[in-house]
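Reading through the structure tokens given below for one structure.
Atoms within each ligand, like the ligands themselves, are counted from 1 in listed order.
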Amino acid sequence: MKFFIDTANLDEIRKFKAMGLLDGVTTNPSLVAKEGKEFRPLIAEICEIVQGPVSAEVVATEADQMVAEAKELASISKHVVVKLPTIREGIKALARCVEAGIKVNMTLIFQPVQALIVAKVGAAYASPFLGRLDDISQDSMDMLAEIREIYDNYHFSTQILAASLRHPLHVAQAARIGADVATIPPAVFDKLLDHPLTAIGLEKFLADWKKGKG
Ligand code: E4P
């Protein structure tokens, strides 16, 4: 499973990159707005650090404008993956981006048939939002398992990018189901690395080591 970080914060990106854990980055308009920086240079800097796929989302909602934005974003770096919303105009824009050789991550997927459609049209990634579905009491893992089954049935090459992850269990469950990528917020990334028994165990080892040395 590939690990992407779901943030536009450069310090967080550098931190997880330094651990050798980072395969890519996803951003969205909310995450970029939080940083208070200019969009294009920010994405360029993220690409420079990561040297892997970096999702940057369009804000237009009409296909012609989406494609124009997609071309502009794709020109920033070879690492940019353009994010388009899974709406009718987004599907139209996806078809044109695929034709133009632009890699696309289709976002805001909440049901398996949306994932089927974006794979048919040629998305590089499909992003089902797990946490937001759980928030409205629908089992996100059922959705994820159905998408996996559909993609395997038809040997689609679109990668399933599990998004809107809220806790380590989401990451583990998505890995069991076979999501290709998990995009993980920094706070959840931190939790993946911690276990109280690891900390207690290390403390005891080091205390014993000191005692043994007299
Ligand atoms: C994915 O690419 C999105 O940026 C993200 O996972 C949305 O997560 P949220 O539901 O925590 O906002």
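- Residue contact check: T26 has heavy atoms under 4.0 Å from atoms 2 (O) of ligand 1.
- Scanning the protein heavy atoms around atom 7 (C) of ligand 1, the nearest turns out to be F129 CE2, 3.5 Å.
- Aromatic rings from F189 and F3 are positioned such that their centres are separated by under 6.0 Å.
- In this structure the side chain of P186 never reaches within 4.5 angstrom of the side chain of N9, judged on heavy atoms.
- Any N or O atom pair closer than 3.5 Å counts here, and R166 shares at least one such pair with ligand 1.
- The side-chain heavy atoms of D180 and L161, taken from C-beta on, include no pair separated by under 4.5 Å.
- Between L10 and E45 the shortest side-chain heavy-atom distance falls below 4.5 Å.
- Residue D6 has at least one N or O atom closer than 3.5 Å to an N or O atom of ligand 1.
- Of all protein heavy atoms, the one lying nearest to atom 12 (O) of ligand 1 is R132 NH2, 2.7 Å.
- Tested against T26, the residues T183, N105, T107 include a single side chain to side chain donor-acceptor pair (under 3.5 Å) partner, T183.
- Between T107 and ligand 1, a contact under 3.5 Å exists for no N or O pair.
- With ligand atoms numbered from 1 in the order given, ligand 1 contributes 1 (C), 6 (O) to contacts under 4.0 Å with heavy atoms of A163.
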